[in-house]
Visitor: 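Here it is, the structure, as structure tokens.
Here the structure is a predicted model, which is why all the values come from computation and not from measurement.
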Amino acid sequence: MSRPVPEAAPLVGVVLSSAFALFGFLVSTNHLATVLGSVVLLYPFVAFGIVRSETPEDVFLPDPVLAAGLFGGALVFLYGLVSGQLAFGAFVASVVAVPPALYHARFGDSVNPLSPDATLAVGLLGAAVLLLYGATDSLLVGAMSAVFVGFGAVDYRRHRGGPLQRRTRSIAVACCLGGGLAAFGILTATGRPTEGLAAGSVLVAVGAFLALGADRATR
């Protein structure tokens, strides 16, 4: 009797994303956009294989997946830096690296020298830096990068460290929501309402994600 083989789905994704990457590198000079398109094609197939597999960690080994994601993200970030596209490079790097890190948090043994709380703090600080840098270059791109990094840090903390203490969670949510409203108000008052909306939305979204995760953890 045959059985479904969801682990084969990533092979389809690899074929499609490789074809897209080859075509993109041949006809386009925007290599970061090509990498982004390739990853967007590949990751849904990988996610399907993971979700439908009974033991995904036996097929998609967590440590190599993490290493590939971090190495690929670092290369993309460095390319964005040397090509003068730091904001966009950071966004593409976050798209490349964050999903493998979260997969490893679910299925692999921890190799992170930092504690879950310290990782959360570093991740939220990184998200804030991306958002602030985006304000000087491309706030929309910086906001999207901040969303990926911020959500990734919160999700990592949830899986590695369990639910936050009530007081810590309340302070974090209040800071995110208050900071979002402050960013929107300040930027709107200085004649940058669209950028204010983008910055405020990121902080409010991260705060809501913190609150939602806490609600699920208490059920």
Side-chain angles (χ1 to χ4, degrees), residues 32 36 39-40 43 47 66 69-70 72-74 76-77 80-81 85-106 110 112-187 192 194-217:
L32 287 176
L36 179 61
V39 171
V40 169
Y43 278 1
L66 176 65
L70 294 181
V76 170
F77 181 80
L81 179 63
Q85 306 174 76
L86 181 56
F88 190 48
F91 169 61
V92 178
S94 67
V95 175
V96 171
V98 169
L102 297 184
Y103 171 79
H104 189 275
R106 285 164 169 78
S110 179
N112 187 354
L114 299 178
S115 68
D117 287 336
T119 301
L120 174 62
V122 170
L124 293 180
L125 179 60
V129 169
L130 291 170
L131 189 60
L132 290 173
Y133 181 79
T136 66
D137 187 357
S138 174
L139 186 55
L140 180 59
V141 174
M144 291 189 296
S145 303
V147 166
F148 263 90
V149 174
F151 279 18
V154 173
D155 192 67
Y156 178 91
R157 170 60 180 75
R158 181 187 304 163
H159 284 277
R160 287 297 190 196
L164 290 169
Q165 294 182 357
R166 183 181 298 275
R167 182 179 179 182
T168 302
R169 184 179 68 246
S170 299
I171 292 173
V173 171
C175 288
C176 288
L177 298 182
L181 293 175
F184 176 72
I186 293 172
L187 289 173
R192 304 166 68 186
T194 302
E195 295 178 348
L197 181 61
S201 297
V202 171
L203 293 172
V204 170
V206 173
F209 192 52
L210 277 166
L212 179 62
D215 178 64
R216 287 179 177 175

Visitor: Going by ring-ring contact (aromatic ring centres under 6.0 Å, His included), name the residues that satisfy it together with Y103, two or more places apart in sequence or in a different chain.
Guide: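 Listed in chain order: F107.
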Visitor: With rounding to the nearest 0.5 Å, note down the distance linking CG in D155 to CG in L120.
Guide: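 Taking CG in D155 and CG in L120, the distance rounds to 11.0 Å.
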Visitor: How would you list, by chain and number, every residue that makes a side chain to side chain contact (heavy atoms under 4.5 Å, CB included) with L86, sequence neighbours excluded?
Guide: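 Result, side chain to side chain contact (heavy atoms under 4.5 Å, CB included) vs L86: F77, L81, Y133.
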Visitor: If you measure from CG on L32 to CZ on F88, what distance do you get to the nearest 0.5 Å?
Guide: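 If I round to the nearest 0.5 Å, the distance is 6.0 Å.
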Visitor: Which heavy atom in G69 sits nearest to a heavy atom in P100, and how many Å separate them?
Guide: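 Closest approach of G69 to P100: CA-CG, 3.7 Å.
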Visitor: Applying side chain to side chain contact (heavy atoms under 4.5 Å, CB included), can you list everything that pairs with A121, at least two apart in sequence or on another chain?
Guide: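 So A121 forms no side chain to side chain contact (heavy atoms under 4.5 Å, CB included) with any residue.
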Visitor: Would you say that L102 contacts R158 through its side chain, given a criterion of any heavy-atom pair below 4.5 Å between the two side chains?
Guide: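 No - every pair of side-chain heavy atoms lies 4.5 Å or more apart.
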Visitor: How far apart are the closest heavy atoms of A118 and L114, and which atoms are they?
Guide: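 Shortest heavy-atom separation between A118 and L114 comes out as CB-CB, 4.1 Å.
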Visitor: If a pair satisfies salt bridge (Lys or Arg N to Asp or Glu O under 4.0 Å) and one of its residues is in residues 141-154, list it, with sequence neighbours excluded.
Guide: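 Of all non-adjacent pairs touching residues 141-154, none passes salt bridge (Lys or Arg N to Asp or Glu O under 4.0 Å).
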Visitor: Anything under 3.5 Å between a donor and an acceptor, one on a side chain of residues 139-152, the other on a protein residue two or more places apart or in another chain? List them.
Guide:
unit_1 : atom_1 : unit_2 : atom_2 : d
S145   : OG     : F91    : N      : 3.2
S145   : OG     : V141   : O      : 3.0

Visitor: Can you name the residues that form a side chain to side chain contact (heavy atoms under 4.5 Å, CB included) with L70, not counting sequence neighbours?
Guide: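 Partners of L70 under the side chain to side chain contact (heavy atoms under 4.5 Å, CB included) test: L66, A97.
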Visitor: Do you know which two heavy atoms are closest between S94 and P99, and how far apart they sit?
Guide: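 Scanning both residues completely, I find the closest heavy atoms to be O-CD, 3.9 Å.
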Visitor: Please report the closest heavy-atom contact between R160 and H104, naming both atoms and the distance.
Guide: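 Where R160 meets H104 most closely, the heavy atoms are NH2-O, 3.2 Å.
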Visitor: Under the side-chain hydrogen bond (donor to acceptor under 3.5 Å, both in side chains) rule, collect the residues that match up with Y43, sequence neighbours excluded.
Guide: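 None.
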